[in-house]
Amino acid sequence: MSPRVVTTQADLQEAAAGLLAERRGSSLGLVPTMGALHSGHAALARAAAGSNDVSVAWIFVNPLQFGDATDLDRYPRTLDADVALLEDCGVDLVFAPSVEEVYPAGPPRVRITAGELGERFEGASRPGHFDGALTVVAKLLHLCAPPAPATYRAYFGQKDAQQLVLVQRMVADLNFAVEIVPVPIVRAEDGLALSSRNRFLSPEEHDGALVLSRALRYLEARARNHEALDIDGAQAMIESAPHVQLDYLEVVDPETLAPLAENCRRVPFRGEALVLVAAAVGPVRLIDNMPLRS
Ligand code: PAF
């Protein structure tokens with residue numbers, strides 16, 4: 001059945017409460033998105049619809065998290081196709097509010113700050129991005145919350161590893177009554193992590209972009225075999241690929257995103273880590289990551 005699309009907070013709350021009551025349900029699963037949905041989002045939507053009595057997807061291109069007005073204007077808006085994909089995934093409700101509905105008094109004057117972790121990696125090249133993302137996530141987590149005592153879960157992709165860690169920290173640090181459920185990255189057969197931005201790559205740039213997952217797999221195999229992490233080798237691999245300009249490749253602690261000690265480049269790898277990578281490929285900025293386990 002096609003999901004019901006609602007655009008106001010009042011309609012969303014009434015529709016979600018109505019479905020929970022009708023199904024005698026006790027859980028609500030939420031999938032936060034900015035639309036332009038692909039199979040990566042479908043994994044989130046299927047997880048939410050499959051594990052909860054009622055599922056809601058939000059589609060809102062949040063101006064607060066774009067530093068650049070051109071990037072905001074250029075962000076693809078594909079509501080009809082998004083609703084069709086969510087229908088396939090079994091989602092019940094789509095919340096697609098306008099900017100005025102979310103920010104009726106204009107841009108909020110009080111915001112969430114991501115702190116020091118929000119300034120590293122993606123935050124270094126996109127100042128204010130994570131403050132804007134966390135502010136809308138905080139707001140919408142409140143707006144979409146089911147009536148007590150229902151269980152509330154929100155599904156976030158591991159592709160945006162830094163965002164996921166920050167949302168988990170916000171929820172823990174500020175006592176939000178919601179469980180954050182991480183969902184693994186979905187890759188195309190050629191290894192490219194799915195992203196709404198991939199559609200802007202030319203065929204040559206697309207081929208160049210494949211070096212990112214190749215470099216991650218290279219480090220993943222070394223970690224699995226207890227070898228020292230050849231971070232320089234992985235960086236060099238990316239730097240030599242056509243159309244690709246490496247921004248960063250770093251191996252970090254998966255929970256805090258603190259960089260691993262320098263000696264991981266020399267001593268056999270033990271334990272768990274996460275490798276983060278970001279690069280400009282032609283006009284598009286791409287990010288990817290992979291867990292490392294020995
Ligand atoms: O990951 C995204 O698509 C966005 O950052 C989110 C979480 C929907 C907030 O706008």
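Atoms within each ligand, like the ligands themselves, are counted from 1 in listed order.
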Exercise. In Å and rounded to the nearest 0.5 Å, what is the CG to OG1 distance from N52 to T151?
Worked result: 8.0 Å
For this session: Look at D71 together with R285 and state whether they make a salt bridge at an N to O cut-off of under 4.0 Å.
Result: no
Problem set entry | side-chain hydrogen bond (donor to acceptor under 3.5 Å, both in side chains) between S27 and D53, intermediate numbers included | CA-CA 5 Å; S27 58; D53 298 312; 3.3 Å; yes
Problem set entry | N62-Y75 side chain donor-acceptor pair, cut-off 3.5 Å | no
Which protein N or O atoms sit under 3.5 Å from any N or O of ligand 1? Give atom names and distances.
from, atom 1, to, atom 2, distance (Å)
ligand 1, 1 (O), Q163, NE2, 2.8
ligand 1, 5 (O), Q65, NE2, 2.9
ligand 1, 5 (O), Q163, OE1, 2.6
ligand 1, 10 (O), Q65, OE1, 2.7

Seminar exercise, completed: Here the side-chain hydrogen bond (donor to acceptor under 3.5 Å, both in side chains) pairs for residues 132-148, sequence neighbours left out, are none
Exercise. Under 3.5 Å, is there a donor-acceptor pair between the E122 and Y248 side chains?
Worked result: yes
